[in-house]
Undergrad: 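Got a structure here, written out as structure tokens. Questions coming.
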Amino acid sequence: MIQDLRQDYRAAELTEKEADRNPIKQFEKWFTAALAAQLYEPNVMTLATADKTGKPNARIVLLKGFDEHGFSFYTNYLSTKGKELKRNPQACLVFFWAELERQVRIEGKVEKLDKEASERYFHSRPQASQISAIASPQSQIINDRLSLEKKVEELTATYTDKTIPKPAHWGGYIVKPTAIEFWQGRPNRLHDRIRYDFVNGKWQTNRLAP
Ligand SMILES: Cc1cc2nc3c(=O)[nH]c(=O)nc-3n(C[C@H](O)[C@H](O)[C@H](O)COP(=O)(O)O)c2cc1C
């Protein structure tokens with residue numbers, strides 16, 4: 001029965017002493033641990049956005065980089081998320097690393113990455129992925145799968161031995177964090193939660209009740 005599914009979390013703890021003063025460094029520690037644990041796609045994250053009326057929306061995207069400036073991912077600027085971010089450039093990112101019993105939540109303001117960064121990443125992708133990005137009008141209704149596959153075939157023929165140009169509507173976003181929360185599962189649902197808020201140019205930390 002679904003109501004009997006229950007895990008107790010005992011893998012680790014997160015103390016104020018152990019948490020880095022800088023949440024990006026703390027994220028790096030946990031991301032490195034997720035890589036070391038060989039988790040399946042540790043860079044998978046839920047991206048939550050909201051439209052102009054406040055109606056929420058969420059989907060999975062892949063984290064493609066992070067540093068002190070923020071967390072970046074790539075997508076189609078004309079997709080549903082792209083339209084929502086244009087009108088309301090705020091987002092929340094959530095990572096869940098089940099095997100490590102960890103969740104990270106990031107709130108922030110969203111900006112487009114500059115064209116050069118998007119170009120660089122676009123051209124680093126496998127050629128077939130570049131073609132798909134051109135062929136797919138992401139989030140729009142299409143007639144059938146066949147028409148999409150035909151378009152891919154045509155584009156593949158057009159760009160044989162040629163550089164595929166990055167479409168203007170495809171590129172990266174960066175989420176510039178204003179708050180980051182680290183959640184470590186603990187026994188009996190008494191989990192550890194450390195939240196960092198960026199206030200007056202400094203990161204403040206607080207422990208939250210589970
Ligand atoms: C594991 C996984 C990784 C994904 N990575 C991306 C990504 O990096 N960029 C992207 O645009 N969509 C990605 N998607 C697809 C999105 O979840 C979503 O279907 C798509 O972006 C359209 O969302 P939207 O209509 O809200 O704009 C991924 C889906 C999954 C399940």
Side-chain angles (χ1 to χ4, degrees), residues 5-49 56-76 79 81 85 90-113 117-118 120-122 124-126 129 132-133 171-198 203-210:
L5 291 174
R6 188 168 292 117
Q7 295 287 344
D8 205 27
Y9 304 129
R10 302 188 168 271
E13 59 176 11
L14 179 62
T15 60
E16 286 81 348
K17 202 168 151 223
E18 168 195 347
D20 200 287
R21 290 166 70 93
N22 179 316
I24 307 298
K25 293 216 171 99
Q26 180 59 33
F27 183 86
E28 192 174 14
K29 265 198 219 169
W30 275 19
F31 194 74
T32 304
L35 288 174
Q38 300 195 309
L39 303 187
Y40 181 68
E41 297 205 294
N43 57 334
V44 160
M45 60 188 185
T46 298
L47 162 72
T49 54
N57 204 346
R59 78 292 285 157
I60 299 286
V61 293
L62 296 175
L63 178 74
K64 286 292 168 176
F66 69 91
D67 59 20
E68 67 278 14
H69 302 296
F71 297 79
S72 54
F73 62 92
Y74 292 86
T75 192
N76 184 315
S79 63
K81 76 181 89 48
L85 287 171
Q90 307 181 75
C92 186
L93 303 172
V94 183
F95 293 83
F96 175 47
W97 295 310
E99 292 82 350
L100 301 176
E101 303 171 351
R102 285 174 175 169
Q103 170 182 245
V104 178
R105 181 154 59 160
I106 298 163
E107 296 164 27
K109 303 214 166 68
V110 183
E111 290 175 12
K112 278 185 182 173
L113 285 178
S118 293
R120 249 192 328 274
Y121 176 66
F122 183 81
S124 77
R125 302 173 84 211
S129 304
S132 297
Y173 285 105
I174 181 163
V175 179
K176 301 186 145 191
T178 51
I180 307 187
E181 182 201 318
F182 295 85
W183 181 103
Q184 177 72 60
R186 298 294 310 277
N188 308 318
R189 302 295 186 254
L190 279 185
H191 313 301
D192 287 329
R193 297 177 64 189
I194 304 280
R195 179 180 163 107
Y196 298 71
D197 284 281
F198 199 61
W203 287 105
Q204 290 181 355
T205 56
N206 288 290
R207 175 172 288 265
L208 301 182

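Just so it is clear, the model here is predicted, and its values are computed rather than measured.
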Undergrad: Please name all residues satisfying salt bridge (Lys or Arg N to Asp or Glu O under 4.0 Å) with D67, sequence neighbours left out, ordered by chain then number.
TA: none
Undergrad: Just jot down the side-chain contact (heavy atoms from CB on, under 4.5 Å) partners of A34, sequence neighbours excluded, or say none.
TA: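 A34: side-chain contact (heavy atoms from CB on, under 4.5 Å) contacts with L39, P42, W97, L100.
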Undergrad: Give, for atom NZ of K29 and atom CZ of F182, the distance between the pair rounded to the nearest 0.5 Å.
TA: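 Atom-to-atom, K29:NZ and F182:CZ are 9.5 Å apart.
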Undergrad: R193 side chain to W183 main-chain N or O, any donor-acceptor pair under 3.5 Å?
TA: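 Between the backbone of W183 and the side chain of R193 there is no qualifying donor-acceptor contact (under 3.5 Å).
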Undergrad: Using 0.5 Å steps for rounding, measure from the OG atom of S124 to the OH atom of Y74.
TA: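 Nearest 0.5 Å value for the OG-OH distance: 7.5 Å.
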Undergrad: Is any side-chain heavy atom of F27 less than 4.5 Å from a side-chain heavy atom of I180?
TA: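 No, their side chains stay 4.5 Å or more apart.
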Undergrad: Report the residues that fulfil salt bridge (Lys or Arg N to Asp or Glu O under 4.0 Å) with R105, sequence neighbours left out, ordered by chain and then residue number.
TA: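 Here the qualifying residues are E181.
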Undergrad: List in chain and number order the residues that pass salt bridge (Lys or Arg N to Asp or Glu O under 4.0 Å) with D192, two or more places apart in sequence or in another chain; answer none if no residue qualifies.
TA: R186, R207
Undergrad: When rounded to the nearest 0.5 angstrom, what distance separates CG in L47 from NZ in K81?
TA: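 These two atoms lie 7.5 Å from each other.
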Undergrad: What are the two closest non-hydrogen atoms of G108 and V175, and how far apart are they?
TA: CA-CG1, 3.9 Å
Undergrad: Once you measure the plane-to-plane angle for F66 and F31, does it fall in the parallel (<30°), tilted (30-60°) or perpendicular (>60°) bin?
TA: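 Aromatic pair F66/F31 classed perpendicular.
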Undergrad: If I compare all heavy atoms of A133 with all of R125, which pair ends up nearest, and what's the gap?
TA: CB-NH1, 3.9 Å
Undergrad: Give, for atom CG of L14 and atom CZ of R102, the distance between the pair rounded to the nearest 0.5 Å.
TA: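 So the gap between those two atoms works out to 7.5 Å.
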Undergrad: To the nearest 0.5 Å, what is the distance between CG (L85) and OH (Y173)?
TA: 5.0 Å
Undergrad: Applying side-chain contact (heavy atoms from CB on, under 4.5 Å), name anything that partners T46, two or more places apart in sequence or on another chain.
TA: A58, I60, V94
Undergrad: At their closest point, which heavy atom of P177 faces which heavy atom of F71, and how far apart are they?
TA: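 The answer is CG-CE1, 4.0 Å.
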Undergrad: Return the CD1 to CG distance between I106 and L63, rounded to the nearest 0.5 Å.
TA: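 Here the interatomic distance stands at 7.5 Å.
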Undergrad: Against N43, only a single residue in V61, L35, L62 fulfils side chain to side chain contact (heavy atoms under 4.5 Å, CB included); can you say which?
TA: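 For N43, the side chain to side chain contact (heavy atoms under 4.5 Å, CB included) test succeeds with only one of V61, L35, L62, which is L62.
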Undergrad: Looking at residues at least two apart in the chain, or sitting in another chain, which of them share a side chain to side chain donor-acceptor pair (under 3.5 Å) with E18?
TA: T15
Undergrad: How close do V110 and A91 get, heavy atom to heavy atom, and via which atoms?
TA: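 For V110 versus A91, the nearest heavy atoms are CG2-CB, 3.5 Å.
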Undergrad: Tell me every residue that passes side chain to side chain donor-acceptor pair (under 3.5 Å) with Q90, counting only those two or more places apart in sequence or in another chain.
TA: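 So Q90 forms a side chain to side chain donor-acceptor pair (under 3.5 Å) with N88.
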Undergrad: Report the C-alpha separation of Q38 and E99 in whole Å, then their side-chain angles, then the decisive distance to 0.1 Å, and conclude whether the side-chain contact (heavy atoms from CB on, under 4.5 Å) test is met.
TA: CA-CA 10 Å; Q38 300 195 309; E99 292 82 350; over 6 Å; no
Undergrad: Test of understanding: with side chain to side chain donor-acceptor pair (under 3.5 Å), list the residues that count as partners of K64, not counting sequence neighbours.
TA: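 Y121.
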Undergrad: Could you tell me if the side chain of F198 sits less than 4.5 Å from the side chain of P23, heavy atoms only?
TA: no
Undergrad: Please list, chain by chain and in numerical order, all residues satisfying salt bridge (Lys or Arg N to Asp or Glu O under 4.0 Å) with E111, sequence neighbours excluded.
TA: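 With neighbours one apart ignored, the set is K176.
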Undergrad: Got a sec, which residues hit side chain to side chain donor-acceptor pair (under 3.5 Å) with D197, two or more places apart in sequence or on another chain?
TA: R195
Undergrad: T205: what forms a side-chain contact (heavy atoms from CB on, under 4.5 Å) with it, not counting sequence neighbours?
TA: I194, Y196
Undergrad: Determine yes or no for a side-chain-to-main-chain donor-acceptor pair under 3.5 angstrom, with S72 supplying the side chain and G65 the backbone.
TA: yes
Undergrad: Using atom types as modelled and distance alone, determine if a side-chain donor or acceptor of N22 lies under 3.5 Å from a backbone N or O of I24.
TA: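 Side chain of N22 to backbone of I24, a donor-acceptor pair under 3.5 Å: yes, one is there.
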Undergrad: Please find the pair of heavy atoms, one from R59 and one from T49, that lie closest to each other, and give the distance.
TA: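 Taking R59 first and T49 second, the nearest heavy atoms are NH1-OG1, 3.0 Å.
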Undergrad: Restricting to side-chain contact (heavy atoms from CB on, under 4.5 Å), what partner residues turn up for E101, sequence neighbours left out?
TA: Y9, A11, Q184
